[in-house]
Amino acid sequence: MAYSEIYKIPEVICDKDGNLSIRNLVILMGEVLIRHSHILENGIDMTRLRWIVYSWDVELEEEIKVYDQVEVTSLVLGMNKFYAYRNAYIKRDGRVIVKAYGVFMLVDIDRMRPIKMRKDLISAYKIDDKIYGKNDLSYRNDFTNSKEIMVRYTDIDSNLHVNNAVYFDYICDLCKLDTKDLAFFNIVYKNEIRNKDLVLGEFVESDEIIDFRLRSVEDNTIYTYGKIRKNV
């Protein structure tokens, strides 16, 4: 069953143009999905388990403005061994303006390794009708632009790695993008950024499409990669 919450967007989570920042947009959707999960998991022991995001595909039809009142809705699309497949969408004035497809992985927090879902957990997640599917994407690796990105002390979360939402700041800074520039954003989290002072950001742009990745400065460990379609 779908779960929704209503928010009025405060100025402090908007960018310089008065639009909800992409980082905070994803945080908002993620929070509603998490609260939905807590409701569905009521009575199930999740003490040593945690959902972590594996990927997002986000389609933005319009920017969300400061002081807008929006309704954020969470849906369950399926459960498969280690992964949960979810939709989130945002309405303003009764019209859908943001759609997202998220893939989440179940992790044992003691070992920080994926763990197969128990049957009681799978059965607790009743399947909803899909409103947005995952895009079939291919990725480039012939990057023409690069920049070293400083990992700040405050970027580290309670899991002792760079918080997933911070990646959006890194990428928007790397590519010099604001929310108004984005029509579509895909990101895949491959490896954690942990115990690092610097990461290398790389990107290439062609015909309003940007391919990007973040990787280790010392070796070829890929932390994240993805694709952006710009507004035209």
Side-chain angles (χ1 to χ4, degrees), residues 2-39 50-75 86-104 131-132 149-189 193 199 201 210 212 214 223-224 226-231:
Y3 173 77
S4 300
E5 293 189 5
I6 294 174
Y7 293 89
K8 186 173 183 179
I9 304 301
E11 187 172 0
V12 293
I13 62 173
C14 293
D15 63 18
K16 62 181 176 59
D17 301 308
N19 299 319
L20 180 64
S21 71
I22 186 65
R23 171 183 178 172
N24 288 311
L25 171 66
V26 174
I27 288 174
L28 194 62
M29 293 190 296
E31 283 296 307
V32 174
L33 265 63
I34 288 169
R35 288 179 190 143
H36 190 191
S37 291
H38 288 166
I39 293 169
R50 185 169 299 164
W51 292 108
I52 63 169
V53 62
Y54 177 76
S55 69
W56 280 109
D57 287 59
V58 182
E59 198 91 31
L60 301 97
E61 295 184 10
E62 295 179 12
E63 299 92 359
I64 297 172
K65 304 287 188 180
V66 60
Y67 307 134
D68 278 353
Q69 182 168 288
V70 297
E71 182 182 45
V72 186
T73 299
S74 162
L75 302 172
R86 309 288 297 271
N87 268 164
Y89 63 91
I90 301 177
K91 284 184 177 181
R92 180 177 58 204
D93 299 325
R95 191 162 59 86
V96 176
I97 57 172
V98 177
K99 295 178 287 189
Y101 185 101
V103 180
F104 297 81
I131 64 120
Y132 181 61
I149 298 169
M150 181 73 70
V151 176
R152 301 166 298 185
Y153 177 79
T154 51
D155 294 340
I156 308 301
D157 65 14
S158 59
N159 293 320
L160 302 181
H161 63 197
V162 173
N163 185 273
N164 290 328
V166 173
Y167 288 56
F168 291 94
D169 286 348
Y170 290 171
I171 293 156
C172 288
D173 181 66
L174 170 69
C175 303
K176 294 182 170 56
L177 294 170
D178 296 306
T179 305
K180 63 181 174 56
D181 302 318
L182 306 175
F184 169 78
F185 202 122
N186 158 259
I187 186 169
V188 179
Y189 296 96
I193 301 177
V199 297
I210 297 173
F212 66 85
L214 302 178
Y223 299 121
T224 192
K227 210 171 192 76
I228 294 166
R229 185 174 74 249
K230 296 174 67 177
N231 272 320

A.B. asks: With the side chain counted from C-beta on, respond yes when V151 and I156 share a heavy-atom pair under 4.5 Å apart, and no when they do not.
C.D. replies: yes
A.B. asks: How long is the span from the CD1 atom in I210 to the CD1 atom in I171, to the nearest 0.5 Å?
C.D. replies: 10.5 Å
A.B. asks: With sequence neighbours left out, what residues match I6 under side chain to side chain contact (heavy atoms under 4.5 Å, CB included)?
C.D. replies: Q69, E71
A.B. asks: Would you sort out whether L177 and K230 count as a side-chain contact (heavy atoms from CB on, under 4.5 Å), showing the intermediate values?
C.D. replies: CA-CA 9 Å; L177 294 170; K230 296 174 67 177; 4.1 Å; yes
A.B. asks: Which atom names give the shortest non-hydrogen contact between K227 and F212, and what distance separates them?
C.D. replies: N-CE2, 3.4 Å
A.B. asks: Show every salt bridge (Lys or Arg N to Asp or Glu O under 4.0 Å) that has at least one partner inside residues 10-20, sequence neighbours left out.
C.D. replies: K16-D178
A.B. asks: Quick one about Y170 and D155 (side-chain donor to acceptor, distance below 3.5 Å, no hydrogens or angles considered), yes or no?
C.D. replies: yes
A.B. asks: For T73 and S4, indicate whether the former's side chain and the latter's backbone hold a donor-acceptor pair under 3.5 Å.
C.D. replies: no
A.B. asks: Does a donor on one side chain sit under 3.5 Å from an acceptor on the other, for R86 and S37?
C.D. replies: yes
A.B. asks: Got a donor-acceptor contact below 3.5 angstrom from the N231 side chain to the K180 backbone?
C.D. replies: yes
A.B. asks: Before you tell me yes or no, could you show the steps for Y101 and N87 under side-chain contact (heavy atoms from CB on, under 4.5 Å), namely the whole-Å CA-CA distance, both residues' side-chain angles and the distance that decides it to 0.1 Å?
C.D. replies: CA-CA 5 Å; Y101 185 101; N87 268 164; 3.8 Å; yes
A.B. asks: Going from CD1 on I34 to CZ on R50, what distance comes out if it is rounded to the nearest 0.5 angstrom?
C.D. replies: 10.0 Å
A.B. asks: Only one of F184, F185, F104 passes ring pair (Phe, Tyr, Trp, His ring centres under 6.0 Å) with W56; say which it is.
C.D. replies: F104
A.B. asks: Going by the rule ring pair (Phe, Tyr, Trp, His ring centres under 6.0 Å), which residues pair with Y54 if we only count those two or more places apart in sequence or in a different chain?
C.D. replies: Y83
A.B. asks: Do I64 and V70 come close enough that some side-chain heavy atom pair is under 4.5 Å?
C.D. replies: yes
A.B. asks: Just verifying a value: how many Å separate Y89 OH and I131 CD1, rounded to the nearest 0.5 Å?
C.D. replies: 6.5 Å
A.B. asks: Are the side chains of K91 and V72 in touch, meaning some heavy atoms are under 4.5 Å apart?
C.D. replies: no
A.B. asks: Identify the two heavy atoms, one from A2 and one from L75, that lie closest to each other, and give their separation to 0.1 Å.
C.D. replies: CB-CD2, 3.4 Å
A.B. asks: Drop me the distance from Y67's OH to C14's SG, to the nearest 0.5 angstrom.
C.D. replies: 8.5 Å
A.B. asks: Would you please name every residue forming a side chain to side chain contact (heavy atoms under 4.5 Å, CB included) with N164, sequence neighbours left out?
C.D. replies: V53, Y167, Y189
A.B. asks: Return the CG to CD1 distance between L20 and I9, rounded to the nearest 0.5 Å.
C.D. replies: 5.0 Å
A.B. asks: Kindly indicate, with the supporting measurements, whether the criterion salt bridge (Lys or Arg N to Asp or Glu O under 4.0 Å) is fulfilled by R92 and D68.
C.D. replies: CA-CA 8 Å; R92 180 177 58 204; D68 278 353; 2.7 Å; yes
A.B. asks: Quick one: list whatever passes ring pair (Phe, Tyr, Trp, His ring centres under 6.0 Å) with H36, sequence neighbours left out.
C.D. replies: Y3
A.B. asks: Once rounded to the nearest 0.5 Å, what's the spacing between atom CG of L60 and atom CG of L25?
C.D. replies: 6.0 Å
A.B. asks: Which of these, I22, L182, T179, sits in a side-chain contact (heavy atoms from CB on, under 4.5 Å) with F168?
C.D. replies: I22
A.B. asks: Does any pair with a residue in residues 18-33 pass side-chain hydrogen bond (donor to acceptor under 3.5 Å, both in side chains), and if so which ones, sequence neighbours excluded?
C.D. replies: N19-K65, S21-N24, R23-D169
A.B. asks: Looking only at heavy atoms, what is the nearest atom pair of V66 and P10, with distance?
C.D. replies: CG2-C, 4.0 Å
